[in-house]
Amino acid sequence: MAIYLVQKTAISMLSSWVCFNHLLDFFFYKIAFFFYFYSVKNWAIKSTRRYILLLIACLLCNSIQLFSQSFQESFGQNRVQFHSFDWSYYETEHFNIYFYKGGQEIGKYMIYSAEKNLKEIGENLGVKFKTKINLLIFFDISDANQTNIGGGSLLSEPNASSIRFVDNKLFLYFDGNHGHLEKQFREGITQVYLEKLIVGGNIVQAMQNFITADIPLWFTEGLQAYNGEIWNTEMDNILKDKFASGQYSSIKKINAENQRIIGHSMWHFIDEKYGKEVIKNIVYYTRRTKNVENALYYSTGKSTLSLFEEWYNHFREKYKSEIGSAHNDSIVNLKYKKRKLYYQFKTSPNQQYIAYVQNNKGRYKVYLKDRYANKTKVLLRGGFKTQSLLIDQNYPLLDFSKNGELLAIIDERRDQVYLNTYNFKEEKTEEKMLEKFQRIYSFSFMQDKKMIVLSASQKGVSDIYTMNINTQTTNKITSDYYDDAHPRYWNNGLQEGIIFSSNRSNDSVSPKGTYQGKQSGL
């Protein structure tokens with residue numbers, strides 16, 4: 001596979017489109033106004049034809065605006081630019097892989113990963129991808145939210161978890177886990193195909209498919225999730241909870257929410273019972289007929305309702321021992337509010353305090369609940385509500401010191417990482433800026449309340465560090481391209497060390513470095 005490194009800014013690449021774009025504007029406006037006046041002046045035309053002509057005129061005008069915006073916007077221009085984006089790219093057979101300073105290693109990783117996953121998804125769907133796609137890789141979710149490419153919104157729906165495909169550009173962001181990056185890519189490539197399947201490649205196909213397509217969300221979102229990653233324990237537990245809690249006590253009670261998990265489980269069920277070739281057939285017939293009902297019947301001999309009944313009976317039988325057994329075993333009762341996210345639950349060593357994050361569409365609060373006094377207060381507020389940006393659930397990060405004197409909160413504001421420490425004795429919070437890291441993925445206190453161990457990134461690589469929170473002196477524990485996360489200090493009285501999760505092939509790392517004058521076992 002031939003690979004080329006091209007050092008260019010993307011602005012210079014697209015500047016040649018400006019004059020051509022103006023000519024296209026003039027040409028398409030002429031066509032749009034022709035359709036409009038023709039439909040208005042000739043009232044003898046049948047109403048159906050008149051409405052279709054008017055719709056074409058509207059679509060043409062709208063497509064001109066979108067086309068014009070996509071090329072007139074500077075490639076890499078941002079809503080609020082906290083730092084510069086000097087784009088370069090690698091070129092492969094099917095992709096231009098764009099990256100900027102700090103993301104070089106991620107760009108290199110995607111050279112092989114993109115082509116490998118594209119081939120696998122093409123085999124799964126029974127299709128071949130011919131159009132070259134631009135991959136824009138952001139170092140983290142904060143950088144991704146700064147772009148205004150594609151109209152400023154990178155979401156397929158509000159508060160979605162993955163970035164969408166816009167104007168032949170697929171947006172990805174790194175969260176410290178290369179597996180998650182591949183998942184985003186696989187879902188994005190599936191979306192590329194589904195959009196072409198539903199909308200078509202030109203205005204005539206788009207009009208025809210717009211009128212005739214009958215493709216439900218469980219089909220599209222479920223197929224993206226199915227191609228994104230294999231069905232696993234986490235997903236199985238989510239679906240199990242739906243059955244166990246009584247939400248799916250009958251097939252009639254399954255509502256329009258959670259189409260992604262329903263669709264993913266359906267494709268997983270079809271794969272297990274009917275095989276991958278049937279999935280290819282379903283996709284093929286859907287492309288031909290633009291009707292999922294017909295595609296399912298041609299491929300499985302079952303109607304949509306019959307197939308869902310099979311799906312429902314399969315999982316209800318699988319989870320029958322769990323149904324009705326759901327119970328609340330929490331050490332504290334919290335009043336959860338709908339449509340708000342709750343995460344980072346931490347308990348103090350003496351079990352008196354519970355700290356957690358509540359996120360309302362990007363606006364977050366860090367709560368501290370005193371279980372003995374039954375009082376709750378807000379320690380930190382940040383972010384802002386949004387309907388169009390990705391919600392960053394990595395921040396804030398929380399942890400209690402081993403002696404229970406401190407609660408540390410790491411968050412990000414204006415693309416800068418901050419450490420807040422709440423002192424329980426003094427009942428006050430101290431804030432410091434952490435300048436050494438591009439991103440912190442997880443952390444925990446060590447035995448000394450002044451020391452923390454953290455998974456963080458520098459130059460696009462996640463490694464394990466120890467840091468003194470007073471002096472910000474750091475010690476790098478690992479130094480390689482593996483994904484190292486969730487570090488915890490460990491001490492059994494005889495030995496001490498750091499435990500962390502990693503995608504490395506070995507289950508241990510040779511001791512490296514020192515901690516407080518003692519050899520650290522990793």
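Small disclaimer: the values here were computed from a predicted structure and weren't measured.
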Between Met110 and Leu135, what is the shortest heavy-atom contact and its length? CE-CD1, 4.2 Å
Within 6.0 Å of NZ in Lys436, more than 12 heavy atoms from elsewhere: yes
Going by an N to O cut-off under 4.0 Å, is there a salt bridge joining Lys377 and Asp370? no
Calculate, to the nearest 0.5 Å, the distance between atoms CD and CG belonging to Glu412 and Asn394 respectively. 8.5 Å
How far apart are the C-alpha atoms of Ser462 and Asp484, what are their side-chain angles, what is the distance that settles it, and do they pass the side-chain hydrogen bond (donor to acceptor under 3.5 Å, both in side chains) test? CA-CA 6 Å; Ser462 62; Asp484 300 328; 5.8 Å; no
For Asn124 and Tyr226, which I'm curious about, is there any donor-acceptor pair between the side chains at under 3.5 Å? no
Asp236 and Tyr319: side-chain hydrogen bond (donor to acceptor under 3.5 Å, both in side chains), yes or no, with the steps? CA-CA 10 Å; Asp236 200 60; Tyr319 304 139; 2.6 Å; yes
How long is the span from the CD1 atom in Ile97 to the CD1 atom in Ile133, to the nearest 0.5 Å? 11.0 Å
Answer yes or no: is there a donor N or O on one side and an acceptor on the other, between the side chain of Gln224 and the main chain of Ile189, under 3.5 Å? no
Would a distance-only check, ignoring hydrogens and angles, find a side-chain to backbone donor-acceptor pair under 3.5 Å from Asn503 to Asp483? yes
Checking side-chain contact (heavy atoms from CB on, under 4.5 Å) for the pair Glu105/Tyr481: CA distance, chi angles, key distance, verdict? CA-CA 9 Å; Glu105 295 301 319; Tyr481 56 83; 5.9 Å; no
Counting N and O atoms only, with roles assigned by atom type, does the side chain of Thr478 sit under 3.5 Å from a partner on the main chain of Asp463, one being a donor and the other an acceptor? no
Just by distance, do the side chain of Asn360 and the backbone of Arg363 share a donor-acceptor pair under 3.5 Å? no
Backbone N or O of Ala485 within a donor-acceptor pair of the Ser501 side chain at under 3.5 Å? yes
Show your reasoning for whether side-chain contact (heavy atoms from CB on, under 4.5 Å) applies to Leu223 and Thr220. CA-CA 5 Å; Leu223 191 58; Thr220 54; over 6 Å; no
Taking it one step at a time, do Asp415 and Asp143 satisfy side-chain contact (heavy atoms from CB on, under 4.5 Å)? CA-CA 8 Å; Asp415 213 25; Asp143 287 354; 3.2 Å; yes
Using a 3.5 Å distance criterion without hydrogens, assess whether the side chain of Gln344 forms a donor-acceptor pair with backbone atoms of Leu398. yes
Looking at side-chain heavy atoms only, is the closest gap between Met451 and Thr466 below 4.5 Å? yes
Taking the six-membered ring of Tyr418, is NZ or CZ of Arg413 closer than 6.0 Å to its centre and within 45° of its axis? yes
Side-chain touch Leu454/Ile410, heavy atoms, less than 4.5 angstrom: no
A side-chain contact here means heavy atoms from C-beta on lying under 4.5 Å apart; do Leu239 and Tyr248 qualify? yes
Examine distances only and state if a side-chain atom of Asn258 and a backbone atom of Ile261 form a donor-acceptor pair shorter than 3.5 Å. no
For the residue pair Glu195 and Gln191, confirm or rule out a side-chain donor-acceptor distance under 3.5 Å. yes
Under a 3.5 Å cutoff, is there a donor and acceptor pairing between the side chains of Gln358 and Tyr342? yes
When you look at OH of Tyr372, are more than 12 heavy atoms from neighbouring residues, nucleotides or ligands closer to it than 6.0 Å? yes
Classify the ring geometry of Phe424 against Phe400: parallel below 30°, tilted from 30° to 60°, perpendicular beyond 60°. parallel
When you look at Thr474 and Phe437, which way does the side-chain contact (heavy atoms from CB on, under 4.5 Å) test go after all the steps? CA-CA 11 Å; Thr474 61; Phe437 304 108; 3.9 Å; yes
So, are Glu405 and Lys425 salt-bridged, with charged N and O less than 4.0 Å apart? yes
Over all heavy atoms of both residues, which pair between Pro349 and Ser401 is shortest? Give the atoms and the distance, please. CG-O, 3.4 Å
Answer yes or no: is there a donor N or O on one side and an acceptor on the other, between the side chain of Lys450 and the main chain of Asn470, under 3.5 Å? no
CD on Glu115 to CG on Leu118, rounded to 0.5 Å: 6.0 Å
Determine whether a donor-acceptor pair (N or O, by modelled atom type, separation under 3.5 Å) exists between the side chain of Arg186 and the backbone of Asn227. yes
Tightest non-hydrogen contact, residues Arg504 and Phe500, listed as NE-CE1, 4.1 Å
Between Gln104, His178, Glu182, which is the residue that forms a side-chain hydrogen bond (donor to acceptor under 3.5 Å, both in side chains) with Tyr109? Glu182
Nearest heavy-atom pair of Arg439 and Ser142: which atoms, and what distance? NH1-OG, 3.4 Å
Test side-chain hydrogen bond (donor to acceptor under 3.5 Å, both in side chains) on Asn359 and Tyr343 and set out the steps. CA-CA 8 Å; Asn359 195 314; Tyr343 50 93; 3.0 Å; yes
List the atom of Ile469, the atom of Lys449, and the distance in Å for their closest heavy-atom pair. CD1-O, 3.6 Å
Less than 6.0 angstrom separating the ring centers of Phe99 and Tyr90, yes or no? yes
Quick check against the 3.5 Å criterion: does Trp267 have a side-chain atom that pairs as donor or acceptor with the backbone of Phe219? yes
Interatomic distance, CG@Leu368 vs CG@Leu379, rounded to 0.5 Å, equals 5.0 Å
Measure the CG-CD1 distance between Asp399 and Ile452 for me, rounded to the nearest 0.5 Å. 9.0 Å
Between CD1 of Ile440 and CG of Leu419, what distance do you get to the nearest 0.5 Å? 7.5 Å
What orientation do His268 and Phe315 show, parallel under 30°, tilted 30 to 60°, or perpendicular over 60°? tilted
Parallel, tilted or perpendicular: ring planes of Phe174 versus Phe139, cut at 30 and 60 degrees: tilted
Check the orientation of Phe138 and Trp87. Use parallel for under 30°, tilted for 30 to 60°, and perpendicular for over 60°. perpendicular
Check this for me: does any side-chain nitrogen of one of Lys101 and Asp86 sit under 4.0 Å from a carboxylate oxygen of the other? no
Please report the closest heavy-atom contact between Gly493 and Asn491, naming both atoms and the distance. N-OD1, 2.8 Å
